[in-house]
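Everything on this sheet refers to the single structure shown next.
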Amino acid sequence: MTLKRLVLFFVMTPIAVLLAVSALFGSWQEPQFQSRLELYQTNIALQAQAWQSEDSGDDKLQGIREAILGEQPLESATKQYQEARQSVQANLNKVNNKLAQLRSQAEITPTPPKPLPDAPPTIETSKQGQQQLQQSFKQLQKLLAELDLRLGILQAQQGQTDTAFITWSELQQRSDINPFGETAAVLTGLWSNPPRILQNAQEPLQKNLEGWFRSTALVKLYQLQQRQDALSAVKAAQQESSAQAVLKLAVIGTIPTLAALIGLILLILLFAQRLLKGKASLLAQNADIPWSTPWGGETVLQVFIIGFFFMGQIFVPLVISLLPIPRPIVDVRLQAFSVLVSYFLVALGALLVLYFSLKRFFPLPEFWFRFRFQDNWFLWGLGGYCTALPVVVLVSLINQQLWQGQGGSNPLLQLALESQDGVALGIFFSTAAIAAPFFEEILFRGFLLPSLTRYLPVWGAILISSLLFAIAHLSLSEILPLTALGIVLGVVYTRSRNLLAPMLLHSLWNSGTLLSLFVLGSN
């Protein structure tokens with residue numbers, strides 16, 4: 001065995017596997033992005049439920065509002081916040097127990113002598129892990145306090161004032177570890193009988209509440225203070241934001257729902273056609289035809305270990321860290337640009353490794369990295385997007401029950417949600433909807449999937465490549481949904497034999513996600 005193979009198989013591959021496993025298990029303690037996204041949508045729904053049409057011409061919009069929100073939006077929001085609070089409290093307990101274990105281990109473990117150069121830095125690693133857990137603990141404490149503030153308002157608005165007082169009282173008892181005790185005291189006074197208006201009550205309400213919760217609390221305050229001008233201004237602003245919220249929910253709810261319905265119909269028709277026509281059906285098209293693959297597993301390993309993993313996890317982050325950029329990056333445009341540059345460098349490095357790894361096999365056999373614009377790739381991509389929606393949504397619902405709000409998420413989603421800068425959003429779109437589909441489809445569907453057909457049947461290659469595609473995102477909670485998406489991408493590619501089809505599907509998926517995040521974040 002050559003030195004190159006020894007290094008690849010026995011040095012680089014174990015390092016890559018260990019780092020990937022470490023990153024995956026590290027995401028286990030991170031909150032899942034989907035939970036926060038659901039709260040954003042709940043907040044918009046609360047704004048929408050406050051909307052009232054002022055003339056008969058808005059009856060259709062009123063009907064749309066009722067259809068989107070249901071009959072009891074406040075009760076639904078309360079249930080959502082209670083579930084979110086339970087999840088945060090459970091995660092807080094887990095982190096607290098883990099911190100207690102680390103502290104007890106530190107107390108009983110004697111200080112070791114200075115380690116040899118080859119010894120693993122276990123003590124330093126333990127300290128870093130403890131610092132990360134402490135940071136997560138503080139973030140969860142703050143989130144729990146925010147949820148309690150809002151949950152109390154929801155309870156009070158439904159006449160459950162005693163329950164709301166208990167919620168806010170518990171929050172005030174924890175005021176030494178959160179900055180929301182004063183706000184809880186103000187809210188308790190507003191809903192007391194008789195009411196008590198604390199000094200400077202308006203300031204904490206405006207500072208620590210937002211959206212429907214802020215306007216509801218301010219309306220209550222201004223009514224008690226008999227400030228008619230301020231009350232009219234808040235109500236007018238509330239009506240304006242409520243009408244906008246109805247339209248937002250219609251955009252993020254109607255379009256995906258219609259696409260998912262079309263996808264469900266397509267799935268039924270495709271499976272029915274498969275049963276009736278057998279191998280003459282669309283699903284059976286090219287289903288059993290492998291690619292002619294002149295290289296072996298060593299080349300595949302080389303591309304992914306050197307080109308994808310080491311470029312993405314070691315080399316490019318090291319290069320970025322050496323750049324004279326002030327850290328942490330606060331400006332959202334710089335954050336977006338940094339993400340784009342990092343992704344471009346990773347993609348460029350991986351594609352160069354791919355090119356030089358395959359160069360000696362040129363010219364490649366038929367159907368490799370095939371781009372055909374004069375083909376039905378558009379129908380495959382669009383149809384694949386519609387069919388992916390119900391499949392991934394179903395898997396995501398199951399996944400939510402398994403992970404209970406934990407497992408981490410792509411940090412780009414959080415940045416896109418909270419950024420309302422047009423330039424930054426444009427850069428995020430370039431990264432997620434253009435660069436990512438092009439690079440990832442070339443690597444996972446264009447190269448990995450066909451390469452696996454040398455050893456596996458086509459369906460097996462689709463399954464394994466989809467699983468590796470999901471694992472490559474290094475987030476435990478996303479493995480099942482991304483595997484499901486990868487399977488649809490793999491089916492579309494193997495049937496169409498045109499990389500433009502999965503690229504379009506991937507781009508539509510990421511574009512839809514970004515659009516939803518932009519609409520939700522604009523609340």
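Count residues from 1 along the sequence.
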Exercise. Applying side chain to side chain contact (heavy atoms under 4.5 Å, CB included), run through Arg333 and Phe337 and close with a yes or a no.
Key: CA-CA 6 Å; Arg333 294 186 181 183; Phe337 185 70; over 6 Å; no
Practice problem: Taking all non-hydrogen atoms of both residues into account, name the closest pair between Gly384 and Val492 and its distance. | Solution: CA-CG2, 3.9 Å
Quiz item: Between Val488 and Ala388, what is the shortest heavy-atom contact and its length?
Solution: CG1-CB, 3.9 Å
Quiz prompt | Distance in Å, Thr387 OG1 paired with Ile265 CD1, rounded so as to fall on 0.5 Å steps | solution = 12.5 Å
Quiz item: According to the interplanar angle, ranging from 0 to 90°, do the rings of Tyr343 and Phe439 count as parallel (below 30°), tilted (30 to 60°) or perpendicular (above 60°)?
Solution: perpendicular
Quiz prompt | Spatial distance of atom CZ (Arg5) from atom CD (Gln302) [nearest 0.5 Å] | solution = 10.5 Å
Exercise. Scan side-chain atoms only and decide if Asn97 and Gln101 contain a donor-acceptor pair under the 3.5 Å cut-off.
Key: no
Quiz item: Is it the case that His473 and Glu478 place a side-chain donor and acceptor less than 3.5 Å from each other?
Solution: no
Quiz prompt | CG-CD distance between Leu489 and Glu440, expressed to the nearest 0.5 angstrom | solution = 9.5 Å
Quiz item: CG/Leu147 to CD/Gln82 distance, rounded to the nearest 0.5 angstrom?
Solution: 11.0 Å
Quiz item: Looking at Trp295, is Arg454 sitting on its ring face, NZ or CZ under 6.0 Å from the six-membered ring centre and within 45 degrees of the normal?
Solution: no
Quiz prompt | Leu485 and Val391: CA distance, side-chain angles, deciding distance, side chain to side chain contact (heavy atoms under 4.5 Å, CB included) verdict | solution = CA-CA 8 Å; Leu485 178 62; Val391 172; over 6 Å; no
Quiz item: Do the ring planes of Phe447 and Trp368 sit parallel (below 30°), tilted (30 to 60°) or perpendicular (above 60°)?
Solution: tilted
Exercise. Measure from the side-chain N and O atoms of Ser466 to the backbone N and O of Ile462, and report whether any donor-acceptor pair falls under 3.5 Å.
Key: yes
Practice problem: Measure the spacing between NE2 of His506 and CG of Leu499 and express it to the nearest 0.5 Å. | Solution: 12.5 Å
Practice problem: Report the distance from atom CZ of Phe271 to atom CG of Leu276, rounding to the nearest 0.5 Å. | Solution: 13.5 Å
Quiz prompt | Close aromatic pair by centroid cut-off 6.0 Å: Phe367 and Tyr493 | solution = no
Quiz item: Are Tyr355 and Phe362 close enough that their ring centres sit under 6.0 Å apart?
Solution: yes
